[in-house]
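Just below is one structure, and these are the notes that go with it.
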Amino acid sequence: MKRASSSRKSKLCEVCGRTIEWRKKWERSWESVKYCSDQCRAKKAETKASGAKYETTILEILHSRAQGLTMCPSEVLASSDKKNPELMERVREAARRLVAQGKIEILQRGRVVDPSAFRGPIRLRLK
């Protein structure tokens, strides 16, 4: 018995905001799939605590700027934390979740990019 194609749509990881593509092995449990990897599953509790803080800070910074202006994700972190790649990735994860909520856009070289596929420096702007 084949499932309807609507059940095979991709969804977003609740932790990192990356796209999770449907897989055959998830055919019976697709509704319960929430995380893209074991790493994200392990970070779920940690993300609830720090993720909301980063999301709020991103939105506060962007709302304090003139319409259309962008920000660098490193502006969210204190100067001592900017060199920590793990913290920087958490800010990027928060940005991906905000994109999924329709609140911001992620840009590279002035163009909107796919939040699951970007590499390198990015900027954030309100939608």
Please find the pair of heavy atoms, one from D81 and one from L77, that lie closest to each other, and give the distance. O-CD1, 3.8 Å
Same apolar cluster (I L V M F W Y, side chains within < 4.5 Å links), M88/V15: no
Do Y54 and L59 come close enough that some side-chain heavy atom pair is under 4.5 Å? no
Would you check, one step at a time, whether the test side-chain contact (heavy atoms from CB on, under 4.5 Å) holds for K127 with I104? CA-CA 5 Å; K127 252 188 163 180; I104 68 168; over 6 Å; no
When you measure from the centre of the six-membered ring of W30, is the NZ or CZ of K11 under 6.0 Å away and within 45° of the axis? yes
Taking the side chain as every heavy atom from C-beta outward, state whether I20 and L12 have any pair of such atoms under 4.5 Å apart. no
If the condition is salt bridge (Lys or Arg N to Asp or Glu O under 4.0 Å), which residues does R92 pass it with, not counting sequence neighbours? none
Would E75 and R65 pass as an ion pair if we require N to O under 4.0 Å? yes
Give a yes or no on whether a salt bridge exists between R111 and E105, defined as a side-chain N under 4.0 angstrom from a carboxylate O. no
Quick check: do E55 and R97 have side-chain heavy atoms less than 4.5 Å from each other? yes
Of L107, I106, L69, which meets side chain to side chain contact (heavy atoms under 4.5 Å, CB included) against R125? L107
Please tell me if the side chains of W26 and E21 come closer than 4.5 Å, counting only heavy atoms from C-beta onward. no
We want to know whether S116 and R18 form a side-chain donor-acceptor pair, criterion being a heavy-atom distance below 3.5 angstrom. no
Please evaluate residues E27 and K24 with respect to the criterion salt bridge (charged side-chain N to carboxylate O under 4.0 Å, His left out), reporting the C-alpha separation (whole Å), side-chain torsions for both, the decisive distance (0.1 Å), and the verdict. CA-CA 5 Å; E27 188 171 27; K24 175 77 172 156; 2.9 Å; yes
Less than 4.5 Å apart, side chain to side chain, heavy atoms only: is that true for L124 and T70? no
Approximate separation, where rounding is to 0.5 Å, of C16 SG and Q39 CD: 8.5 Å
Nearest 0.5 Å, please: how far is NZ in K34 from SG in C13? 11.5 Å
Quick one: CZ on R96 to CG on L98, what's the gap to the nearest 0.5 Å? 11.5 Å
Reported CH2-to-NZ distance for the pair W22 and K9, which is rounded to 0.5 angstrom: 15.0 Å
Has the side chain of S37 got a donor or acceptor atom that lies under 3.5 Å from a matching backbone atom of C40? yes
